[in-house]
Amino acid sequence: MCGILGVVATTPVNQLLYDGLMVLQHRGQDAAGMATVEDDAFHMHKGSGLVRDVFRTRNMRALPGNMGIAHCRYPTAGSAFDSSLSQPFYVNSPFGIVLGHNGNLTNTEELKKEMFRQDLRHINTHSDSEVLLNALAHELQATAKGYRLDLDTIFGAVSAVHRRCRGAYAVVAMIAGYGMLAFRDPFGIRPLIFGSNETPAGTEYLFASESVALDTLGFKVLRDVEPGEAIFIDLEHRIHQRQCAPNSVLAPCIFEFVYLARPDSVIDGVSVYEARLHMGEHLADKLVKHIPVEEIDVVIPIPDSSRPSAMQLAQRIDVPYREGFVKNRYIGRTFIMPGQATRKRSVRQKLNTVAQEFKGKRVLLVDDSIVRGTTSREIVEMARAAGALKVYFASASPPVRYPNVYGIDMPTRSELIATGRSGEEIAREIGADALVYQDLDALKASIRELKPSLCNFDTSCFDGVYITGDVSPAYLNAIELAREGDGAPARDERWSSNQLQLNLMSVD
């Protein structure tokens, strides 16, 4: 999960990119970067840290030009503290290209070997985004007739990238002397939307991971980039678009609606806020089958992303809704912090209880999900310490039992609290008196009720169905072994390749 932006404007874009990154900061706190182009020359600045820390006045002055891309990084591959992995990435052969990528490739190692032996390209980091950039550069070179690019060449190169690259990728890139290119993987796993802004000097265009960036920057939403589609905006601000992947299918990551995206965003035509309201309704319907409503005195959300679900749940079961936790706005999202110890320490720094909302009450805590269980366990302890008589827990999403390999940092089974445990065992692990999970069908229905034509989702972290069809138990074991070498928790030996039930889907 990262945030990406691409702007084609009539005036300098550095401030637009900065403001857009601030809006998308929730998608990545590890690093940030910008690249602009002026007279065919790229200007770039990037580094580790929050957007406000990476960019100073002197850095902004060194980013001239009316076209640019930006990126805020959430580490899914490589070290969270390695500044060399900050994006955008740049390559100068055969054409100058800078690229920003949200997602994660699943055949990175295979591609790296191909590029070194066949394409004669050297990959300098462990980032799959650099691999994707070099794949695009090579395909442009292979498709081009001579040393000039035309639309057929550009779109043909994207088609070749789709054939070579597996996994999730939403991409914005600039090609020196030609314009801006944006494309999305054939399943549309990661979001990408674009819009326009009319000015006296002409039309401006903006690509972004979420619609909230367009809203706050004053751009009108045009539409989402379709799965497998590429959109190219030339130097005269003319739009060219083409479907570059046969048999593309829209299957967005359902976790975007559960947790990742801001509630004021609209992804693939679905309001994230409304989807979370529907999640609360479905969760309430299941809750009353397992916990008597008269046993609940108050419903309290775990801020921030669970608020809509908790609010709607409370209304549906007719129990008072209260804010029982106060959030420190200066602490980042604990789910996307690198390292278990860092996440655990940050929970207490991030949240504090309003004691009177807990004392002597039977409390239902509502969260969007339970991933590692670190936050849930700490929060239940805080509720009891504040005087709660009983603490019930409800999750607006199903148990996270499988690794996500498409851009969310939960690739090891040993880190997932639901791995190999029943609901009752998980409740004991987090210290709750009872635990209720959303059903997967109900979660899907929460979104389909808002857009019936949206039939497919990537739900791999819940059901083990990997939409790209190339994720095997051996692949997952290799990832876990690599993470163990980086100091990740040891693998849970209760799991084996035979026990992991993967419903691998064939890809035409």
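Numbering of residues begins at 1 and proceeds along the displayed sequence.
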Does a side-chain heavy-atom distance below 4.5 Å link [X] with [Y]?
| X | Y | value |
| --- | --- | --- |
| Q87 | H101 | yes |
| S460 | V405 | no |
| M174 | I97 | no |
| F207 | V225 | yes |
| I4 | L24 | no |
| P227 | D185 | no |
| I154 | H240 | no |
| S397 | F462 | yes |

Assess the side chains of [X] and [Y]: does a donor N or O sit below 3.5 Å from an acceptor N or O?
| X | Y | value |
| --- | --- | --- |
| Y259 | R276 | no |
| T468 | Y406 | yes |
| D368 | S306 | no |
| E204 | T199 | no |
| Y169 | H162 | yes |
| S446 | H278 | no |

Separation between [atom1] of [X] and [atom2] of [Y], rounded to the nearest 0.5 Å:
| X | Y | atom1 | atom2 | value |
| --- | --- | --- | --- | --- |
| L222 | S211 | CG | OG | 12.5 Å |
| M180 | I69 | CE | CD1 | 6.5 Å |
| L5 | L17 | CG | CG | 6.5 Å |
| E109 | E114 | CD | CD | 12.0 Å |
| F255 | T459 | CZ | OG1 | 12.5 Å |
| L235 | M67 | CG | CE | 5.5 Å |

Next item on the list: Go through the structure and list residues passing side chain to side chain donor-acceptor pair (under 3.5 Å) with R117, not counting sequence neighbours.
Entry: none
Please report the shortest heavy-atom distance between [X] and [Y], naming the atom on each side.
| X | Y | value |
| --- | --- | --- |
| L192 | A182 | CD2-CB, 4.1 Å |
| R190 | A168 | CG-CB, 4.0 Å |
| E226 | R184 | O-CB, 3.8 Å |
| L105 | C165 | CD2-CB, 4.2 Å |
| S265 | E210 | OG-OE1, 2.6 Å |
| G49 | V54 | O-CG2, 3.7 Å |

Any sub-3.5 Å donor-acceptor pair from [X]'s side-chain atoms to [Y]'s backbone N or O?
| X | Y | result |
| --- | --- | --- |
| S159 | F155 | yes |
| T216 | A213 | yes |
| S472 | Y475 | yes |
| N14 | M60 | yes |
| Q25 | G28 | yes |
| H237 | D234 | no |
| E415 | R372 | no |
| N134 | V131 | no |
| Y205 | G195 | no |
| D128 | T108 | no |

Note to self: Using side chain to side chain contact (heavy atoms under 4.5 Å, CB included), reason through R242 and D152 one step at a time and then give a plain yes or no.
What the structure shows: CA-CA 10 Å; R242 189 175 299 178; D152 288 338; 3.0 Å; yes
Next item on the list: Report the residue from D224, L454, N456, I447 that forms a side-chain contact (heavy atoms from CB on, under 4.5 Å) with P252.
Entry: L454
Next item on the list: Evaluate side chain to side chain contact (heavy atoms under 4.5 Å, CB included) for I467 paired with I189, printing each intermediate quantity in order.
Entry: CA-CA 9 Å; I467 196 74; I189 298 172; 3.6 Å; yes
Next item on the list: Kindly determine whether D304 and K350 satisfy salt bridge (Lys or Arg N to Asp or Glu O under 4.0 Å), including the steps that lead there.
Entry: CA-CA 11 Å; D304 283 317; K350 183 176 74 169; over 6 Å; no
Can we say [X] and [Y] salt-bridge, meaning some charged N sits less than 4.0 Å from an Asp/Glu carboxylate O?
| X | Y | value |
| --- | --- | --- |
| D119 | R121 | no |
| E110 | R164 | no |
| D441 | R448 | no |
| R223 | D268 | no |
| E198 | K220 | no |

Check: Crowded around Y273 OH? As in, over 12 foreign heavy atoms under 6.0 Å?
Finding: no
Notebook entry, point to check: Does K46 make a cation-pi contact with F89, if we ask for NZ or CZ under 6.0 Å from the ring centre and within 45° of the axis?
Noted result: yes
Note to self: One pair to check against side chain to side chain contact (heavy atoms under 4.5 Å, CB included): D264 and D215. What are the steps and the verdict?
What the structure shows: CA-CA 9 Å; D264 46 345; D215 298 337; 5.9 Å; no
Next item on the list: Could you give me the CA-CA distance, side-chain angles and deciding distance for R27 and E256, then say whether salt bridge (Lys or Arg N to Asp or Glu O under 4.0 Å) is met?
Entry: CA-CA 10 Å; R27 297 190 67 87; E256 291 278 356; 2.9 Å; yes
Next item on the list: Determine, step by step, whether I231 and L181 satisfy the side chain to side chain contact (heavy atoms under 4.5 Å, CB included) criterion, reporting the C-alpha distance in whole Å, the side-chain angles of both residues, the deciding distance to 0.1 Å, and the verdict.
Entry: CA-CA 6 Å; I231 299 176; L181 176 65; over 6 Å; no
